[in-house]
Protein chains: 2
Amino acid sequence: MQGQEILPAIATHLLDSARTNGGKAPSERDLAEHFSVSRGQVREALAILEAMQVIERRAKSGIYVNTDNTGIEAMAFLARAGLPLENRQIYEAVEVRKIHEIKAAELAAARADDENFDRLRDILVRSEERIAQGEGIDGLDQEFHLEIVRATQNTLFLNICTAFYELGGNRLKVYFRDPDRNRKSHEEHKQIFEALVNRDAALASALMVSHLRGAMSYWSELLQPAELSD
Amino acid sequence: MQGQEILPAIATHLLDSARTNGGKAPSERDLAEHFSVSRGQVREALAILEAMQVIERRAKSGIYVNTDNTGIEAMAFLARAGLPLENRQIYEAVEVRKIHEIKAAELAAARADDENFDRLRDILVRSEERIAQGEGIDGLDQEFHLEIVRATQNTLFLNICTAFYELGGNRLKVYFRDPDRNRKSHEEHKQIFEALVNRDAALASALMVSHLRGAMSYWSELLQPAELSD
DNA sequence: TCGCCATCCTGGTACTACCAAAATGGCGGT
DNA sequence: ACCGCCATTTTGGTAGTACCAGGATGGCGA
């Protein structure tokens with residue numbers, strides 16, 4: 001085990017032992033021995049986790065875990081590292097995503113340039129092909145939505161939205177297993193694209209609202225009932 | 001120089017040398033010597049910067065700086081560390097902040113609980129005192145706006161919005177040097193609060209739009225002459 | 001002038017050694 | 001038996017050294 005690969009391992013280990021103990025994690029030396037790496041490696045990982053406010057290192061005392069109070073990029077980072085997220089976290093993320101993308105559609109209608117339109121067209125063509133072959137469009141769905149955000153010409157906005165997509169990542173694939181959902185999504189994408197081309201901000205926004213409503217209801221029934229980790 | 005204190009110093013140094021050179025930064029050993037710290041300390045700082053995607057460490061090659069492609073929390077972190085932001089970054093941040101807070105007002109009207117109202121009331125009282133003493137309400141303005149976001153009961157949302165506030169931080173103080181602006185802001189805050197208490201989502205949202213328009217025009221003339229949509 | 005190879009440089013990693021303060025546990029007094 | 005004090009241990013913080021292996025570079029020879 002080497003490189004940044006130990007970060008997710010350490011993070012998982014810390015979160016676990018924090019659950020059993022009272023937020024107190026093993027010492028650096030213990031972690032180093034447990035993962036058979038040098039203390040320096042452990043400290044690098046801990047530095048990152050501390051910067052993300054996932055943990056707190058108290059000098060001469062120990063390492064303490066913050067289960068809550070985790071920012072988006074920290075969550076995106078942890079999700080990327082393969083760590084499980086609480087349903088509540090995903091639920092909140094979905095709500096914020098909705099806020100972002102509805103507004104993005106509105107702004108994109110006014111600001112999208114030829115390159116944005118070209119990329120969107122390309123994504124729709126590839127989606128069509130995928131669907132024709134009976135495959136899911138999960139990756140392309142992300143591309144489509146993020147391209148709309150990119151069309152707002154606000155790179156910071158794009159960064160946040162990208163981070164949010166990474167949160168739901170693996171769970172989204174399940175959504176696009178249903179062929180009907182794929183077709184329906186694709187049709188709605190095409191309508192949104194038309195609205196953008198016509199510079200109709202109100203329509204684009206409205207279409208995005210209803211488009212996301214479908215996905216939202218899916219998340220609702222998937223998450224709300226119980227806290228079963230798939 | 002010790003502790004995490006070297007991170008901003010190193011970050012600044014890296015960004016500087018990246019500007020002069022072609023994105024290439026000094027080696028770890030040089031950095032360690034330059035700041036009179038051990039290589040381990042440098043590596044901890046670099047690990048954080050790499051996790052934030054501010055830099056890229058290529059094994060056996062060197063350290064390379066990503067001037068663009070910086071996420072919100074990375075920016076917030078760097079801003080917190082006292083690093084300067086580009087006008088464009090602030091400009092984009094302001095636009096996103098606007099998107100967030102208008103929606104936050106709408107959601108807060110429906111979800112705010114007694115604790116939220118209590119805190120908002122308290123903030124308004126303290127604002128009144130400050131203004132009576134001829135002081136600026138810059139810190140309280142932030143508290144007010146973030147409390148509204150907190151009232152959405154979406155902790156993730158709150159995290160993002162907090163990060164965004166930290167971006168503009170120091171520049172906001174200038175805004176609240178003008179007594180008239182303070183009074184006007186405070187009056188608008190009170191109106192928004194009333195709308196929230198009355199659970200009038202549409203009104204709260206509309207008031208927030210006009211409230212932010214004032215601040216936005218300030219930013220516009222301060223930064224770049226361009227379009228900030230609402 | 002061009003291509004190849006020895007050398008240097010660089011990040012990656014491990015190990016050792018101290019320091020100082022927090023945490024702990026045992027001892028002694030009450 | 002309980003409590004308070006103090007010596008010991010633990011822990012994060014930091015520095016320094018040593019090696020490795022592969023990229024980067026420059027000089028030498030064809």
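Lettering of chains follows the sequences in order, A, B, ..., and the numbering in each one begins at 1.
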| message | Using a strict heavy-atom distance below 4.0 Å, which residues from residues 13-21 of chain A are in contact with DNA chain C? | response | none

Between the protein and nucleotides 19-24 of chain C, which nitrogen or oxygen pairs come in under 3.5 angstrom?
from	atom 1	to	atom 2	distance (Å)
C:dA22	O4'	A:Lys60	O	3.4
C:dA23	OP1	A:Ser61	OG	3.2

| task | Just jot down the ring pair (Phe, Tyr, Trp, His ring centres under 6.0 Å) partners of B:His186, sequence neighbours excluded, or say none. | result | none

| message | If the condition is ring pair (Phe, Tyr, Trp, His ring centres under 6.0 Å), which residues does A:Phe157 pass it with, not counting sequence neighbours? | response | A:His100

Partners of [X] by side chain to side chain contact (heavy atoms under 4.5 Å, CB included), sequence neighbours excluded?
{"X": "A:Asp118", "result": "A:Arg121"}
{"X": "A:Arg130", "result": "A:Glu135, A:Ile137, A:Leu140"}
{"X": "A:Gln153", "result": "A:Arg111, A:Asp113, A:Asn116"}
{"X": "A:Glu92", "result": "A:Arg88, B:Asn154, B:Thr155, B:Leu156"}

| task | Determine the contact category for A:Gly40: base if any of its heavy atoms lies under 4.0 Å from a base atom, sugar-phosphate if only primed atoms, P, OP1 or OP2 are that close, otherwise nothing. | result | nothing

| task | Remember a base hit wins even if backbone is also touched, and classify A:Leu46 as base, sugar-phosphate or nothing at under 4.0 Å, heavy atoms. | result | nothing

| field | Residues which pass side-chain hydrogen bond (donor to acceptor under 3.5 Å, both in side chains) with B:Asp122, listed by chain and number, not counting sequence neighbours | value | B:Arg126

| note | Of the listed C:dT13, D:dT11, D:dT14, the closest approach to the A:Arg43 side chain comes from D:dT14

| query | Which nucleotide, D:dT11, D:dA15, C:dG12, lies nearest any side-chain atom of B:Arg57? | reply | C:dG12

| task | Please state whether the rings of B:His13 and B:His34 are parallel, tilted or perpendicular, taking 30° and 60° as the class boundaries. | result | tilted

